[in-house]
Engineer: 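Dumping the structure here so I can ask a few things about it.
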Number of protein chains: 6
Amino acid sequence: MKLGFVSAILPDLSLSDVAEFAFETGYSCVELMCWPKGRAERRYAGVTHIDVGSLKRGGADKVRAVMDAAGVGISALGYYPNFLSPDPEESKRAIAHFKKVIRAAALLDVGRVTTFIGRDWTRSVEDNWPRFRKVWKPLVKLAEDCDVRICIENCPMLFTDDEWPGGKNLAYCPAIWRRMFEEIPSRNFGLNYDPSHLVWQQIDYVKPLWEFKDRIFHVHAKDVRVDRARLDDVGILATPLQYHSPKLPGLGNVNWGRFFSVLGDIGYDGPVCVEVEDRAYEATVDTRKAALVQSIHYLMQYVP
Amino acid sequence: MKLGFVSAILPDLSLSDVAEFAFETGYSCVELMCWPKGRAERRYAGVTHIDVGSLKRGGADKVRAVMDAAGVGISALGYYPNFLSPDPEESKRAIAHFKKVIRAAALLDVGRVTTFIGRDWTRSVEDNWPRFRKVWKPLVKLAEDCDVRICIENCPMLFTDDEWPGGKNLAYCPAIWRRMFEEIPSRNFGLNYDPSHLVWQQIDYVKPLWEFKDRIFHVHAKDVRVDRARLDDVGILATPLQYHSPKLPGLGNVNWGRFFSVLGDIGYDGPVCVEVEDRAYEATVDTRKAALVQSIHYLMQYVP
Amino acid sequence: MKLGFVSAILPDLSLSDVAEFAFETGYSCVELMCWPKGRAERRYAGVTHIDVGSLKRGGADKVRAVMDAAGVGISALGYYPNFLSPDPEESKRAIAHFKKVIRAAALLDVGRVTTFIGRDWTRSVEDNWPRFRKVWKPLVKLAEDCDVRICIENCPMLFTDDEWPGGKNLAYCPAIWRRMFEEIPSRNFGLNYDPSHLVWQQIDYVKPLWEFKDRIFHVHAKDVRVDRARLDDVGILATPLQYHSPKLPGLGNVNWGRFFSVLGDIGYDGPVCVEVEDRAYEATVDTRKAALVQSIHYLMQYVP
Amino acid sequence: MKLGFVSAILPDLSLSDVAEFAFETGYSCVELMCWPKGRAERRYAGVTHIDVGSLKRGGADKVRAVMDAAGVGISALGYYPNFLSPDPEESKRAIAHFKKVIRAAALLDVGRVTTFIGRDWTRSVEDNWPRFRKVWKPLVKLAEDCDVRICIENCPMLFTDDEWPGGKNLAYCPAIWRRMFEEIPSRNFGLNYDPSHLVWQQIDYVKPLWEFKDRIFHVHAKDVRVDRARLDDVGILATPLQYHSPKLPGLGNVNWGRFFSVLGDIGYDGPVCVEVEDRAYEATVDTRKAALVQSIHYLMQYVP
Amino acid sequence: MKLGFVSAILPDLSLSDVAEFAFETGYSCVELMCWPKGRAERRYAGVTHIDVGSLKRGGADKVRAVMDAAGVGISALGYYPNFLSPDPEESKRAIAHFKKVIRAAALLDVGRVTTFIGRDWTRSVEDNWPRFRKVWKPLVKLAEDCDVRICIENCPMLFTDDEWPGGKNLAYCPAIWRRMFEEIPSRNFGLNYDPSHLVWQQIDYVKPLWEFKDRIFHVHAKDVRVDRARLDDVGILATPLQYHSPKLPGLGNVNWGRFFSVLGDIGYDGPVCVEVEDRAYEATVDTRKAALVQSIHYLMQYVP
Amino acid sequence: MKLGFVSAILPDLSLSDVAEFAFETGYSCVELMCWPKGRAERRYAGVTHIDVGSLKRGGADKVRAVMDAAGVGISALGYYPNFLSPDPEESKRAIAHFKKVIRAAALLDVGRVTTFIGRDWTRSVEDNWPRFRKVWKPLVKLAEDCDVRICIENCPMLFTDDEWPGGKNLAYCPAIWRRMFEEIPSRNFGLNYDPSHLVWQQIDYVKPLWEFKDRIFHVHAKDVRVDRARLDDVGILATPLQYHSPKLPGLGNVNWGRFFSVLGDIGYDGPVCVEVEDRAYEATVDTRKAALVQSIHYLMQYVP
């Protein structure tokens with residue numbers, strides 16, 4: 001496995017600074033954020049370390065030169081919008097930009113793009129399904145043509161009343177992944193597996209590794225802490241941030257030894273990228289860097 | 001405490017048959033269903049053991065005579081509609097009928113009516129609040145005037161897609177109870193406490209007994225079994241019946257010894273009514289009666 | 001479900017005494033032992049409450065008359081030898097007698113016979129398989145012809161050095177049951193499900209209820225207590241009685257509430273027979289009867 | 001085993017009323033309190049169902065006649081003072097009266113007396129030891145001469161500041177029992193084993209059953225509930241009633257199935273007496289009787 | 001947060017050697033022991049890395065120069081006597097010296113002094129209270145005047161018979177902290193929070209972080225291992241070292257990931273000092289240094 | 001303690017390469033495999049880093065020179081054949097070679113040899129005992145004469161049908177160790193303690209550290225992961241690799257903090273050698289080296 005991190009936590013650093021910091025800290029790859037320039041719709045979104053809108057062969061060569069110079073790889077190009085937004089304009093823009101991300105991944109020889117399925121959060125999974133099918137079949141086809149693998153992160157994108165009740169990403173549980181892959185069985189369509197989102201959903205985050213072992217293309221190392229006292233007051237019908245907090249690996253409920261133990265046994269040897277969304281480390285660029293230093297120190301005990 | 005049962009499970013029995021069965025089986029009280037005649041809107045609803053619509057002094061005397069003859073008390077009059085339904089007609093009818101239930105309770109000297117707050121299930125708790133205040137202040141006032149205590153069951157009324165996402169009853173967790181009683185601090189406004197609904201919400205069902213000890217007016221003895229394998233597949237964002245099943249006391253996750261231990265320590269000595277919603281016992285009137293026989297056998301080990 | 005008991009614990013009582021005791025104690029059925037007269041090869045074996053060797057129409061009528069007089073049913077005819085014994089004579093005798101048991105069940109209209117698969121305990125499961133196939137296909141065929149269901153108890157029949165290493169019954173775990181029913185998919189071939197044997201094998205005794213719900217024809221209510229201090233000294237490679245003890249229901253590790261909860265949900269409504277193999281209750285016929293009194297008191301809280 | 005109860009909970013009933021109530025409720029024996037007439041030093045103390053001070057042959061015959069008439073046995077004569085009190089007068093009076101209790105047990109052919117060792121609660125175990133030796137050697141000698149077994153209850157007698165820090169009974173943990181029996185190895189010196197006192201001391205209450213199986217002469221069935229929230233506030237250095245509450249069997253932390261399972265396996269077949277010290281049941285003689293009814297219903301599922 | 005260690009474990013090293021070792025090992029601060037010269041009353045006491053008795057402006061400058069040269073800060077000045085000793089001379093000397101420690105902290109611009117409340121261990125908390133008030137109000141006043149924060153370690157100072165029954169420090173549990181801060185609500189009066197002392201007291205060591213977040217001025221990273229087998233023999237009424245052992249972080253029962261997770265979320269960013277009291281590492285100065293090397297390796301995975 | 005590794009995982013490296021890799025990675029010793037040249041009977045066997053068959057004084061000096069040059073010690077000479085094989089030739093050859101290993105250890109001043117007892121896996125422990133006694137008494141005598149300690153690894157050597165039912169090493173549980181050391185009480189006969197083998201045997205791997213503290217001469221740091229879903233399908237009567245997998249330290253069920261905590265407290269300060277048998281790391285020499293890098297990173301947090 002290759003330890004990396006998600007570049008969204010270092011929006012103020014240039015690509016080459018990101019790459020150098022990665023190398024110095026011991027990371028061997030980075031998941032580079034590719035949001036459209038100038039957009040920042042929500043926390044951790046809107047970061048642009050590669051501007052895919054304008055990327056050509058020459059620009060791609062430059063990006064590769066920067067990464068090679070630092071001795072650090074690109075695990076994936078990341079862009080996490082809501083393709084199934086009830087706002088048709090938002091959806092259209094997202095799809096158009098995502099196609100550029102896929103093509104950029106091909107141009108850069110990266111092989112992976114990371115994203116969400118999206119969801120009209122005001123409607124049930126069932127009601128979203130026809131649109132999922134319609135939007136995603138052509139996107140997966142494009143990815144096949146480009147020899148790029150789409151990695152869907154399993155985050156429900158449900159935090160507060162803003163995304164209530166359904167959240168902004170359909171792909172949140174094993175039953176739905178199974179249905180997705182039956183619907184679109186392409187080998188270029190898989191998961192960006194993040195165990196933390198399963199923790200607060202009360203889902204075993206190790207068991208699916210066996211069932212979906214051929215679909216795990218990318219892994220996020222993030223943790224969450226569920227606080228029993230808060231949960232006892234509001235219950236699981238509350239919006240999730242009322243009873244849990246995203247944390248660095250090792251500061252939450254994930255048993256990382258067990259997680260990596262099985263991840264190794266299913267033969268996974270792709271990237272494992274630390275995703276920092278821990279409020280206790282967000283004050284300054286220095287504390288955010290410290291979060292990445294602490295995280296790799298923690299993860300190195302479980303990852304070769 | 002006084003063991004009883006909710007009469008909704010025996011819709012085919014007359015009031016006197018219900019009372020006689022209760023006595024023979026060892027129950028000392030019954031929570032009598034008082035739905036309007038001729039309505040059966042959902043499972044377990046629509047049962048009428050007392051027709052409050054037409055109840056007068058004479059009718060009340062007859063009801064009392066029937067119960068006295070059997071040697072069995074009435075724990076409460078029960079009617080569980082959706083007072084805050086988005087359909088204003090439904091809401092209006094429910095409120096009108098509930099006033100009759102309250103008055104009937106007074107007439108019968110019962111002292112307790114059991115019900116839900118209701119909810120527009122398509123809207124957030126916050127969005128329902130103004131209407132809660134408006135509907136409930138006069139109802140509680142009426143209960144005060146009649147010297148009747150309103151007992152709100154803590155069921156989220158969320159089972160399948162039909163009630164998704166919010167369920168049809170606001171009063172589902174301690175944080176909301178606290179807010180309800182701050183809003184309407186009347187001593188005639190309290191809870192019909194059912195531990196089973198807290199189990200699948202992952203809420204400690206013993207801890208609130210201390211905080212709300214002065215608000216617990218009535219208790220339901222129902223259990224639920226949470227199935228880990230089902231939960232591992234769909235998670236807590238699924239509709240609840242996908243991962244849990246209502247069961248008889250002793251056949252679920254509730255630790256009844258601990259529950260009654262604390263219930264006794266807070267000085268509760270009111271009714272504890274078995275509510276049968278266990279599909280495995282619903283086939284015939286005989287299996288439903290068997291459910292009540294089994295339940296009292298189970299509960300007698302914890303209740304004097 | 002119908003509570004009963006295995007008659008092997010009352011070898012000194014006549015059939016009618018067994019039936020009367022069952023009725024008085026509240027049991028509604030009995031699993032009657034049908035060993036060949038005069039044999040007593042091991043503890044709890046060799047009991048003959050019906051002598052199937054000589055049973056004719058007239059004898060069967062008498063048996064039924066006795067049971068009807070007492071108001072108690074026959075859950076099954078039981079005979080638990082080792083059909084796959086390395087001693088060919090023993091095997092042959094067992095098969096011949098078992099055919100009589102099947103025919104007796106038909107004659108008595110009982111519908112169920114309870115037994116083991118047997119095993120050459122010195123050889124692996126794999127090595128026993130050809131013989132399992134050869135012996136059991138005709139036996140199941142006979143059962144089909146007689147409209148009798150064969151109920152295989154899932155006991156490993158491994159206790160001490162006498163049955164080391166393999167035990168005397170192949171049908172001890174879900175993986176093997178699956179293979180058995182794939183090999184002989186007859187609807188007359190199923191399980192006599194005893195959760196206690198799964199406990200000390202460290203197997204979840206509830207999960208298989210769902211997978212094998214159509215194969216559960218009979219249930220034994222027995223418990224075992226695993227003693228950690230003993231297990232810590234010898235480990236799971238020891239012979240099993242070194243670290244566990246068979247006990248009455250409620251005196252061991254089985255969570256009976258959960259077991260019956262799921263048993264009800266899968267629609268099981270057949271017999272549940274208490275099997276007493278608890279050394280603490282074996283001193284006299286009175287203590288053995290007391291074991292059955294205590295057991296039904298315990299089980300009635302979970303069974304209608 | 002023989003189910004009974006401690007008569008201290010029914011101080012207002014005469015001996016014959018106690019015996020009749022026992023019989024009607026299903027108990028087969030009673031531990032009769034034998035405090036000196038007119039003394040009531042603490043809660044649950046000072047009850048006199050047999051006045052041993054004046055007991056002669058004739059009186060003993062009368063007591064036996066009363067019990068035989070009711071069909072109920074005497075499990076033991078109980079008297080629980082502080083023999084090692086720092087007040088020498090208190091100690092002297094207690095010793096003198098206890099000798100009468102022993103002699104009364106002989107006269108009545110009861111065979112068991114139940115009591116405490118006592119302790120100067122202001123001093124360490126070590127500092128109490130010389131006095132333990134001096135007081136108890138002659139008492140045990142007397143018991144031997146009378147063929148009566150002394151059963152020491154394992155209660156620390158530490159509840160509030162009144163008994164702080166050491167409590168009023170030395171015999172509270174396995175290490176001390178071991179030392180006691182090494183010091184005075186008489187076969188007439190053993191335990192009145194109450195699992196509940198071990199629960200809040202955080203001691204395994206099952207493990208000692210094996211080690212002390214020859215010393216368990218009498219058993220108390222009492223339970224306690226430890227409340228984590230209270231313990232989290234004050235910790236184990238607080239006086240014990242700050243974080244636990246004595247309760248009826250089944251309403252606390254004791255796993256009675258496991259307890260009786262091992263009790264049976266070590267061959268214990270003596271009395272098991274319910275000791276009611278549950279505040280929730282103390283209001284009236286009726287609630288105290290109800291406690292005994294509930295308790296036997298609970299215990300019968302585990303005891304033959 | 002800033003990782004440091006308590007200098008008491010390196011009594012044989014000079015201040016500059018301590019500082020240099022800290023730097024080389026990766027620690028960024030040290031809690032420096034300031035016992036009066038020549039005193040060594042108990043294990044881990046009596047160490048003097050700064051002689052506050054004679055400290056003047058010039059001496060303070062030298063101390064700062066030494067620390068600055070090494071690039072290591074001072075987390076606090078530590079002195080842990082028994083201010084409430086029953087020996088009035090001992091108490092007086094302690095108070096007098098502590099005032100010097102406070103003034104030295106001001107002179108050195110350190111801002112924190114670490115200590116105990118003290119206790120007359122032969123008397124109850126209640127009985128110690130008047131003296132607590134009398135001794136501590138002026139001390140806190142002095143700290144306010146000097147702009148120094150007093151950090152009270154939450155150790156019960158109860159280990160063996162020597163401190164039985166009450167221990168030598170009142171400030172051992174949340175209920176008492178609450179009372180202390182109500183009594184003396186100064187913002188210069190807080191805690192030196194050590195989770196290990198809460199572990200063996202069976203108190204949740206994470207929950208109080210939220211309630212006392214404004215009072216946590218300093219943190220000790222020490223662990224303890226509770227041995228169940230020992231506890232099962234003697235119970236919680238024994239002196240604590242009979243059932244637990246102080247250990248390095250990671251070698252005991254503290255879940256450090258959870259502890260630091262919440263410590264971060266409450267915004268704590270002060271010192272976290274390893275306190276070595278692990279007998280397995282005390283043989284030589286080398287093993288004690290090795291303890292500090294191992295501890296920082298362990299803690300770096302949880303602390304930035 | 002001294003961290004090392006078992007050289008069997010690096011068969012393709014020369015002795016000096018092994019030693020240099022150890023030093024660079026931070027290990028301070030190596031357990032060197034001493035199988036006879038040219039033999040490779042099973043996975044992880046047959047590795048020869050020292051050819052003891054031909055070792056003379058000069059060769060020994062060379063070995064020591066190589067190790068000294070790298071700055072790395074030899075924890076033990078390892079050779080793990082089946083001395084009690086049913087094949088008498090195999091047994092004879094093993095014994096003859098083991099004597100050379102013992103003498104080589106003396107020559108090299110290493111002081112420890114690591115091995116198994118062996119077993120005729122087709123026969124019971126009891127049946128193997130006479131041969132154990134006969135084979136091992138002279139071997140232990142030789143070790144005494146050579147001043148070398150024999151360290152028996154506690155692996156049952158039971159993995160698949162190949163070693164069914166008994167496994168190839170008698171020394172697998174505490175009860176058997178006790179018997180071994182009673183039979184041959186020499187101080188040169190002890191254990192090479194590997195906690196992982198106890199995990200899947202469901203034996204507490206910490207408790208025996210106290211009882212056998214004087215017999216623990218060498219320690220293996222290996223882990224195993226028990227997979228509940230697999231165990232639930234086949235149970236403990238299956239061959240062990242059906243339900244567990246050997247893993248690197250930290251990737252299995254061993255609680256290493258607790259293990260090292262007690263190991264330190266019993267005064268163990270010998271070698272702790274990582275044994276890599278984790279299939280996920282066996283692909284190439286690089287992944288096997290990576291396994292050793294990851295393992296020391298993990299273990300350093302618990303070992304000084």
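In what follows, chains are A, B, ... by sequence order, proteins preceding strands, each numbered from 1.
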Engineer: Which members of residues 200-213 of chain D, sorted by number, sit under 4.5 angstrom from chain E on a heavy-atom basis?
Structural biologist: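 So the qualifying residues are D:Trp200, D:Gln201, D:Gln202, D:Ile203, D:Asp204, D:Lys207.
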
Engineer: Name, in order of residue number, those residues of residues 271-278 of chain D that have a heavy atom at a distance of less than 4.5 Å from a heavy atom in chain E; otherwise write 'none'.
Structural biologist: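 None at all.
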
Engineer: Under 4.5 Å, heavy atom to heavy atom: which of residues 171-184 of chain E reach chain D? Give them by number, or say none.
Structural biologist: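 Listed by number, the contacting residues are E:Tyr172, E:Cys173, E:Pro174, E:Ala175, E:Arg178.
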
Engineer: Heavy atom to heavy atom, less than 4.5 Å: which residues from residues 237-262 of chain E reach chain D?
Structural biologist: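 Listed by number: E:Leu237, E:Tyr243.
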
Engineer: What part of E:Leu198 lies closer than 4.5 angstrom to a heavy atom of chain D: side chain, backbone, both or neither?
Structural biologist: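 No part of it gets close to chain D.
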
Engineer: Is it the backbone or the side chain of E:Arg123 that comes under 4.5 Å from a heavy atom of chain D, or both, or neither?
Structural biologist: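 Backbone only.
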
Engineer: For the interface with chain E, which of D:Leu231, D:Val125, D:Asp161 has the highest count of heavy-atom pairs at distances below 4.5 Å?
Structural biologist: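 Result: the option with the highest number of such pairs is D:Leu231.
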
